[in-house]
Amino acid sequence: MNVLIAGAGRLGTQIAQVLSAARNEITLIDIDDDRVAELESRLPGVRLVTGDACEPALLEHSGALAADLVIATTGDDEDNLVISLLAKRQFSVARVAARVNDADNAWLFDARWGVDVAVPAATPLISLIEEATGATDTVALLRLSKAGVDVIETAITPQSRAVGRTLGEVRLPEGTVVATIVRGGQPTVPDPAIRLHAGDELLLVSHSATEQEIHAAFQ
């Protein structure tokens, strides 16, 4: 699946990490040069583009004509609406999702502005991706890419046996990788040397592991 994400904040970055780990083609756009430079080492499998996603020429350069899904996740509702309208009307993108930052603006996020899925800012990450892709569950979500993989989430609690251990010390089921670690609301690179803390949330991509097997590895 070819996905174009506008806005490289916390949410956009998390989506890019998860979908990239599931072997989707991801392009992430942000207007902040420093932000894009910072992400180059953190998102090696993601194409990063610097520029204003509200500009049609920039969207075209970023691959909007070939995109299966556009997700507008900037912190500005006006920008998200403009990006959605351009994606749907000018580039005929099949599915467009947009983040609603201010609940008072939610009524604008509909088909008139090219929005197929309006997502409140507080929506959990996995639910957002499921809604954006039109999937009914996580399994179906990532099989849209024909990769045959699942995304599984697990949280590290104070009672988890993984607390204090490095990620590399945790024996994962075969065919399973950690896509990202969310710590304090921020995505963290899943380096094997990173030490797991209570409160960490992990998103894993697996070809065959069940939720129970993932749970057993960390809990």
Side-chain angles (χ1 to χ4, degrees), residues 1-22 24-125 127-129 131-134 145 179-180 182 185-189:
M1 185 165 58
N2 194 324
V3 184
L4 184 61
I5 303 170
R10 178 180 62 84
L11 183 60
T13 301
Q14 288 178 335
I15 295 171
Q17 285 180 309
V18 172
L19 293 184
S20 177
N24 296 280
E25 296 294 325
I26 310 298
T27 299
L28 181 59
I29 306 170
D30 199 88
I31 199 169
D32 189 330
D33 290 335
D34 293 335
R35 177 64 173 163
V36 170
E38 175 196 345
L39 291 173
E40 286 179 353
S41 61
R42 294 171 52 190
L43 301 174
V46 174
R47 179 190 176 203
L48 295 166
V49 177
T50 302
D52 186 352
C54 293
E55 295 290 338
L58 190 282
L59 284 176
E60 183 171 358
H61 167 72
S62 302
L65 286 169
D68 301 303
L69 167 66
V70 167
I71 307 178
T73 65
T74 79
D76 189 312
D77 284 343
E78 292 181 1
D79 286 353
N80 289 342
L81 288 171
V82 170
I83 293 164
S84 298
L85 187 63
L86 288 171
K88 183 65 71 175
R89 300 288 184 262
Q90 185 157 337
F91 298 103
S92 301
V93 177
R95 196 158 183 84
V96 177
R99 177 185 186 181
V100 182
N101 296 283
D102 185 341
D104 290 340
N105 296 330
W107 65 276
L108 290 167
F109 285 73
D110 59 20
R112 292 170 299 174
W113 280 92
V115 178
D116 295 305
V117 179
V119 185
T123 301
L125 175 62
S127 297
L128 184 153
I129 300 174
E131 290 184 50
T133 58
S145 68
T180 187
V182 182
Q186 297 295 324
T188 303
V189 177

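None of the values given here were measured: they were computed from a predicted structure. Numbers here simply count residues along the sequence, with the first being 1.
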Please report the interatomic distance [atom1]([X]) to [atom2]([Y]), rounded to the nearest 0.5 Å.
X    : Y   : atom1 : atom2 : answer
I83  : L58 : CD1   : CG    : 9.5 Å
D30  : L48 : CG    : CG    : 9.5 Å
T50  : R35 : OG1   : CZ    : 12.0 Å
N105 : D77 : CG    : CG    : 4.5 Å
R112 : S84 : CZ    : OG    : 13.5 Å
R47  : I5  : CZ    : CD1   : 13.0 Å

State, to 0.1 Å, how close [X] and [Y] come at their nearest heavy-atom pair, and which atoms those are.
X    : Y    : answer
A179 : V18  : CB-CA, 4.3 Å
A53  : I29  : CB-CG2, 4.1 Å
K88  : V93  : NZ-O, 3.0 Å
A94  : D116 : O-OD2, 3.5 Å
L39  : A8   : CD1-CB, 3.6 Å
L28  : A16  : CD2-CB, 4.3 Å

Do side-chain atoms of [X] reach the backbone of [Y] as a donor and acceptor pair under 3.5 angstrom?
X   : Y   : result
T73 : G7  : yes
D68 : N2  : yes
N80 : T74 : yes

> Could you walk me through whether L19 and I26 pass the side chain to side chain contact (heavy atoms under 4.5 Å, CB included) check?
Replying inline: CA-CA 7 Å; L19 293 184; I26 310 298; 3.6 Å; yes
> So does E38 have more than 12 non-hydrogen atoms from other groups sitting under 6.0 Å from CD?
Replying inline: yes
> Taking atom CD of E78 as the centre, does the number of heavy atoms from other residues, nucleotides or ligands within less than 6.0 Å exceed 12?
Replying inline: no
> With a 3.5 Å cut-off and no angle check, do the side chains of T180 and R42 form a donor-acceptor pair?
Replying inline: no
>> What I'd like to find out is whether the side chain of L11 reaches to under 4.5 Å of the side chain of I15, using heavy atoms alone.
In response: yes
